[in-house]
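What follows is one structure encoded as structure tokens, with my remarks underneath.
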Amino acid sequence: MSWYTKAIEEKKPQKKTLWIKCRGCGAHIWASEWKQNLSVCPECNYHCSMTAQERINLLFDKDSFHELFENISPVDSLNFNDLKGSYKDKIEANKKKSGILESVVTGHGKIKGFSVVTAIMDFRFLGGSLGSGTGEKILQAANFAYDYGLPYIIFSASGGARMQEGVLSLMQMAKTCAGVARLNKKNIPFISVLLNPTTGGVTASYAMMGDLNISEPGAVIGFAGRRVIEQTIGEKLPDDFQTAEYLLEHGFIDAIVQRKEMRDYLANVLSYYNR
Amino acid sequence: MSWYTKAIEEKKPQKKTLWIKCRGCGAHIWASEWKQNLSVCPECNYHCSMTAQERINLLFDKDSFHELFENISPVDSLNFNDLKGSYKDKIEANKKKSGILESVVTGHGKIKGFSVVTAIMDFRFLGGSLGSGTGEKILQAANFAYDYGLPYIIFSASGGARMQEGVLSLMQMAKTCAGVARLNKKNIPFISVLLNPTTGGVTASYAMMGDLNISEPGAVIGFAGRRVIEQTIGEKLPDDFQTAEYLLEHGFIDAIVQRKEMRDYLANVLSYYNR
Amino acid sequence: MVIVNGVKVSEKEKRQRLTQEKKSRNISAWDVVKISRHPKRPIFQDYLERIFTNFVELHGDRAFGDDRAIIGGFAQIGNQKVMVIGHNKGKNTTEQIERNFGMAKPEGYRKALRLMKLAQRFNLPVITVIDTPGAFPGLEAEERGQAESIARNITEMANIEVPIISLVIGEGGSGGALGIGVGDRILMLSNAIYSVISPEGCASILWRDAKFAPDAAKALNITAEALYKLDIIDEIIEEPTEGAHADYQQIAANVKRSLLRNLRNLSNISVYELLEQRFEKYAAMGKFAVD
Amino acid sequence: MVIVNGVKVSEKEKRQRLTQEKKSRNISAWDVVKISRHPKRPIFQDYLERIFTNFVELHGDRAFGDDRAIIGGFAQIGNQKVMVIGHNKGKNTTEQIERNFGMAKPEGYRKALRLMKLAQRFNLPVITVIDTPGAFPGLEAEERGQAESIARNITEMANIEVPIISLVIGEGGSGGALGIGVGDRILMLSNAIYSVISPEGCASILWRDAKFAPDAAKALNITAEALYKLDIIDEIIEEPTEGAHADYQQIAANVKRSLLRNLRNLSNISVYELLEQRFEKYAAMGKFAVD
Ligand SMILES: [Zn+2]
Ligand SMILES: [Zn+2]
């Protein structure tokens with residue numbers, strides 16, 4: 001289910017980089033301008049991926065975010081080895097590379113004064129894949145929202161289920177959705193923000209189950225991989241296939257929100273929650 | 001909404017008729033054979049319409065059927081007059097012709113021992129149209145099923161809402177569905193049997209809301225009239241458009257059941273109700 | 001014995017109840033039909049702009065598409081937060097085509113139901129705004145369950161656990177209108193119509209010629225006044241004499257006042273009472289004879 | 001500290017729990033894959049014919065179509081009445097094409113969910129039978145919400161108020177399997193597989209070549225034995241040594257016995273307890289480190 005895991009790997013600007021080459025239009029943008037523009041291309045509006053921390057900084061009231069369940073990390077319970085080495089080594093490398101312990105950061109905080117519980121996936125960590133640790137954190141955060149009666153927002157960015165954990169990763173789809181189901185039953189809003197890319201088992205579980213499904217412009221959102229589908233149907237797919245815009249047209253996304261407007265948008269939506 | 005009201009008017013065999021001309025294939029069938037075959041053509045399996053009483057005889061255990069709410073009949077509350085005269089006169093003529101007071105017969109009875117509440121529409125009475133009296137009887141029967149916790153079966157055969165009662169007839173859609181909604185809430189099964197023809201406002205209300213939607217072979221079931229749609233799209237529609245078979249293929253019908261198997265089928269389904 | 005909406009009502013009582021609303025108007029039902037379809041008549045969008053603030057449009061039925069003939073989302077009216085959902089006719093040809101002249105397909109009704117359930121989750125009252133010639137009578141709509149989608153809405157609206165106000169601003173076209181019209185209150189502009197079938201359709205069936213539409217319009221009792229008399233609607237919102245198109249600000253103000261009053265009246269009812277009253281309201285509709 | 005399905009479990013305990021089921025089998029994971037896909041392997045239809053009586057097939061998702069890749073309906077097993085729903089692979093080329101090789105589209109998953117809710121109304125336990133290479137990876141499936149339909153099923157199955165038993169008889173292909181697989185009990189035939197991705201798919205990504213599928217099959221832990229060890233499944237139903245295809249009667253009898261036992265065990269649990277236990281079951285799945 002992780003066809004995308006390898007396909008998209010955003011290059012983040014290094015400290016010393018002077019300019020960024022936009023993956024959308026190829027334009028060269030000064031790194032300072034790129035950063036000021038929230039990693040969105042000023043030429044073509046391409047929304048480049050952000051780290052979980054960058055998104056926290058962007059969306060949450062200053063100093064309001066408190067991390068939860070940060071001590072959870074993956075284990076290589078199957079002793080999974082492929083051509084390029086062990087899952088165990090990959091876990092360590094990814095921890096080091098990203099500075100976080102799992103592909104999602106969970107916590108609670110305030111968006112323009114509105115308290116929410118949140119889970120923010122970070123694509124840098126093993127392609128944002130859904131592993132047992134990811135599922136555990138997302139469920140724990142759902143339970144926290146349930147216990148405190150707070151709206152829950154998940155920001156997804158993921159290549160899908162984490163193959164290296166076998167069926168354990170598949171079952172995280174059921175595990176996380178069990179948390180969503182409890183929120184549904186208690187009428188606690190769950191907002192899903194689907195970021196570029198959200199695919200495979202993540203799309204086919206919590207990410208698609210928001211009371212509101214929101215996305216950023218151009219985000220790739222799909223279940224099966226583009227290449228797999230092209231093989232199945234034997235023709236090339238349209239360019240906008242599996243973009244946020246395509247999904248909106250087909251009825252699966254409530255709104256596409258520019259990154260710079262996301263904070264206001266979410267606060268506005270939260271203001272409608274009337275309990 | 002009653003495009004069909006005029007379109008289909010089945011000729012029932014008269015006492016003295018020796019043979020029946022099948023509307024499906026044009027074959028001439030001896031009246032006695034026709035009757036023995038439950039008004040189904042032995043040549044082409046065309047299911048001709050039945051009166052409410054014929055259906056009661058066919059489906060319910062001997063002497064088990066008890067009519068309810070039989071004292072309800074239409075009134076011409078709008079003083080509705082068209083080119084061919086008053087609604088008031090039509091009501092009287094239809095009462096006389098059919099021997100019943102409204103387009104539906106309601107009651108309770110047993111099907112192979114299983115107690116149910118039922119409403120059986122009779123196409124002879126004003127084309128089985130949904131008037132205030134029809135709606136009242138269908139709701140009262142739903143309430144009876146609700147109070148006694150019995151499964152509810154509606155047999156629909158109708159050209160749609162009864163124009164001569166204006167919006168009062170339209171509102172019967174909401175009225176009858178309010179009854180269905182209460183059954184849903186109490187988890188009491190509602191089985192809808194859609195007979196030839198079921199169209200317009202009846203299809204767009206209770207008839208389509210069965211926990212099971214069942215039909216007879218070849219029954220015409222639709223919302224908008226065939227002619228109206230052909231005008232809209234400017235082309236001829238496929239022959240099987242709006243047949244039970246077409247609706248099954250498109251996901252709206254659970255099963256198509258031969259008339260001679262209907263009693264066994266319903267009893268079998270009822271045997272699965274486990275409360 | 002004649003039952004009027006479930007209770008015996010004397011004609012005198014009936015007339016008295018109407019007096020406060022009834023204006024002696026010398027226009028025919030057909031005149032009202034023409035006003036209700038006037039090309040300059042304010043549409044849902046006009047009320048959205050004038051009455052509501054902070055509109056957050058929400059898209060899609062989560063199964064097939066996003067029908068532009070029905071739109072909806074969070075919105076504010078005064079200080080009251082609501083979910084507003086309505087038929088979306090369009091102001092010019094381009095818009096009208098995109099929005100299919102306000103004729104919704106199954107995905108439109110399914111979106112509307114989704115938003116009503118969302119309102120339930122957020123505990124917001126629902127306002128539905130009705131203005132449609134009818135549900136779209138096309139092949140694809142039929143194929144994807146036009147009847148099913150309307151039937152489901154009518155049924156499930158009976159169980160939606162927040163107040164619902166339905167407002168008919170122009171054409172209340174049959175099942176296509178009722179598909180978002182099962183409200184705790186039904187309000188209607190004085191020149192709006194609400195009908196089981198279009199006058200033209202009725203005339204072509206019962207008069208064998210669509211040119212008898214004016215006769216059918218009269219016979220069908222489709223004006224706000226007639227429907228108030230029949231106890232189908234709860235309130236008539238007065239338009240300027242020439243019709244709502246003559247003064248957008250005035251009609252918007254009248255609609256806003258009425259919506260706020262009705263929202264207030266519904267706000268203190270328990271969910272249990274609300275659903276009981278809604279059931280009783282629709283159970284009482286219709287006129288028939290007993291014995 | 002290592003958490004195994006939510007609780008600390010000693011390796012010794014683990015091994016003991018397995019002893020009763022574990023057979024010393026000298027076949028590789030890849031051998032099992034091949035048996036699970038054996039052309040003569042019994043499919044859902046074979047069990048329907050041998051184990052269930054009085055099957056009443058129910059059609060349609062009430063929105064778009066009737067997917068032949070998933071079928072379901074009322075049925076009886078012994079004296080127990082149930083709703084049975086399963087992937088429907090087909091026994092010959094004609095059937096396989098009509099049923100899309102058991103690869104369901106959104107309307108298939110939506111039909112399955114509708115039938116589960118129907119089971120709730122009739123108060124019948126649900127048995128789901130899993131045998132699919134995966135959900136159909138086609139344009140139209142994607143367009144109509146393959147992801148949404150699977151996500152909704154997984155979510156709503158958590159709240160279905162009757163017992164659910166899921167039985168993997170052949171291929172348990174990823175989300176396409178899980179879309180009807182959230183049971184209170186998960187049973188698996190001894191040569192069935194259940195995987196997050198097909199061995200070929202995994203090999204072509206992680207080994208850069210599908211021919212490493214046998215390695216991937218081993219690494220992915222997709223056999224019943226492996227999954228029992230991982231506490232993902234509750235029970236292994238033993239097949240004849242050569243595989244289920246060697247003796248249809250025998251495997252049908254084994255499956256029937258197991259289903260009846262599990263139905264019995266679930267029958268006396270209150271709805272509240274049932275849903276609590278279901279939640280806890282899935283909440284406990286997964287292995288991760290804390291600190
Ligand atoms: Zn660019
Ligand atoms: Zn014939």
Side-chain angles (χ1 to χ4, degrees), chain C residues 58-70 72 85 100 103-122 135-161 175-176 178-180 182 275, chain D residues 58-70 72 85 100 103-122 135-161 175-176 178-180 182 275:
Chain C
L58 303 173
H59 294 267
D61 68 344
R62 294 281 212 278
F64 186 84
D66 182 49
D67 191 345
R68 307 303 302 141
I70 289 182
I85 302 161
N100 207 21
M103 293 185 290
K105 293 175 191 163
E107 46 274 22
Y109 292 103
R110 289 176 186 143
K111 172 167 70 174
L113 183 59
R114 183 177 79 83
L115 296 187
M116 291 184 224
K117 291 185 174 177
L118 195 59
Q120 199 171 258
R121 177 139 307 156
F122 277 69
F136 182 61
L139 174 64
E140 45 164 355
E142 206 75 13
E143 237 175 32
R144 293 199 295 272
Q146 192 66 285
E148 196 277 347
S149 67
I150 291 172
R152 182 165 306 280
N153 280 20
I154 294 172
T155 306
E156 298 212 7
M157 285 180 85
N159 288 338
I160 293 283
E161 297 184 348
L178 190 62
I180 60 168
V182 185
L275 295 193
Chain D
L58 303 172
H59 294 266
D61 68 345
R62 294 281 215 278
F64 185 85
D66 182 49
D67 191 341
R68 306 304 301 144
I70 289 182
I85 302 162
N100 207 21
M103 294 185 288
K105 295 176 189 161
E107 46 274 21
Y109 293 103
R110 289 175 185 141
K111 171 167 72 174
L113 183 59
R114 182 176 81 80
L115 297 187
M116 291 184 223
K117 291 185 174 177
L118 195 59
Q120 199 170 256
R121 178 140 307 153
F122 278 68
F136 182 60
L139 174 63
E140 46 165 354
E142 206 75 12
E143 236 175 33
R144 293 199 295 271
Q146 193 66 285
E148 196 276 347
S149 67
I150 292 172
R152 183 165 306 280
N153 281 20
I154 295 172
T155 306
E156 298 211 8
M157 284 180 87
N159 289 336
I160 292 283
E161 297 183 348
L178 190 62
I180 59 168
V182 185
L275 296 192

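Worth knowing before you read on, the calculation uses all heavy atoms, side chains too, and leaves out hydrogens, waters and symmetry mates.
- When the heavy atoms of residues 140-148 of chain C are compared with those of chain D, the residues falling under 4.5 Å are C:R144, C:E148, listed by number.
- When the candidates C:G65, C:P106, C:A63 are compared by the number of heavy-atom contacts under 4.5 Å with chain D, C:A63 comes out ahead.
- Heavy atoms only, all atoms of each residue included: C:R110 and D:R62 are closest at NH2-O, 3.7 Å.
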